[in-house]
**Student:** 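Pasting a structure here, questions to come.
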Amino acid sequence: DAKTTQPNSMESNEEEPVHLPCNHSTISGTDYIHWYRQLPSQGPEYVIHGLTSNVNNRMASLAIAEDRKSSTLILHRATLRDAAVYYCILRDDGSSGGSNYKLTFGKGTLLTVNP
Amino acid sequence: NAGVTQTPKFQVLKTGQSMTLQCAQDMNHEYMSWYRQDPGMGLRLIHYSVGAGITDQGEVPNGYNVSRSTTEDFPLRLLSAAPSQTSVYFCASWTANTGELFFGEGSRLTVL
């Protein structure tokens, strides 16, 4: 299974943009890039996902490198409520017989937001 | 919608006791999974199911059993609890249409 690499921790100031990197150099052509976050004492929640093109939603933006070997989750204006562990994971779409149901999470990036 | 519901939220067991963590989803999702999360660690996949009657092992299946008799329910059974199974357990469900996982709030298990 393709793996992802993220920094253990990052720090940001409130109301400033945050760029959370993820490396996935062994990504396959059928892997979607998913981001989840886990607030303290809660289950993970979906943030955003994409395949090749950059994606935007109400929570964040996802910038995907042209070679798809890395991606960046962008929080445009960090708030204290964005302090969480952010996970970058790959999900095979199953079209080529890959395991799209075995989703593995690494340790993620702990984001600290300073007031 | 209730989403993914896990019970109980907290449980203390003695070594050797058995118990079942319940997980139910009301979104008609075909896929369901159980993860465990130890302090300072990410989530590790225990078992997963791709539909009613079909289950398979994840990364850390030893000591756990699962079954999927209905689309809605995916219980996780600990037959003989060990201190190493002290952890927070998360159940998740999703559909192939979107691939977005929905997680329960977690069940904190302590084995003494």
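Quantities reported herein were computed from a predicted structural model and do not represent experimental measurements. Letters A, B, ... mirror the listed sequences (proteins, then strands); counts begin at 1.
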**Student:** Which answer fits E59(B), side chain, backbone, both or neither, if we ask what part of it has an atom under 4.5 Å from a heavy atom of chain A?
**Tutor:**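 The answer is the side chain of E59(B).
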**Student:** Please work out which of the three classes, parallel, tilted or perpendicular, describes the rings of Y35(B) and F103(B), given edges at 30° and 60°.
**Tutor:**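 Aromatic pair F103(B)/Y35(B) classed tilted.
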**Student:** Report which part of E100(B) has an atom under 4.5 Å of a heavy atom belonging to chain A: side chain, backbone, both, or neither.
**Tutor:**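 Contact with chain A is through both the backbone and side chain of E100(B).
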**Student:** Relative to chain B, which segment of Y36(A) carries a heavy atom at a distance below 4.5 Å: side chain, backbone, both, or neither?
**Tutor:**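 The side chain, not the backbone.
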**Student:** Identify which part of Q37(B) has an atom lying under 4.5 Å from any heavy atom of chain A, answering side chain, backbone, both or neither.
**Tutor:**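 Side chain of Q37(B) only, per the 4.5 Å heavy-atom cut-off to chain A.
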**Student:** Say you draw a straight line from CD of Q85(B) to CG of D38(B); how long is it, rounded to the nearest 0.5 Å?
**Tutor:**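 Result: 10.5 Å between the selected atoms.
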**Student:** Could you give the distance from CG (L13(B)) to CG (L112(B)), rounded to the nearest 0.5 Å?
**Tutor:**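 If we round to the nearest 0.5 Å, L13(B):CG and L112(B):CG are 8.5 Å apart.
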**Student:** Calculate, to the nearest 0.5 Å, the distance between atoms NE2 and CG belonging to H24(A) and D31(A) respectively.
**Tutor:**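 Result: 9.5 Å between the selected atoms.
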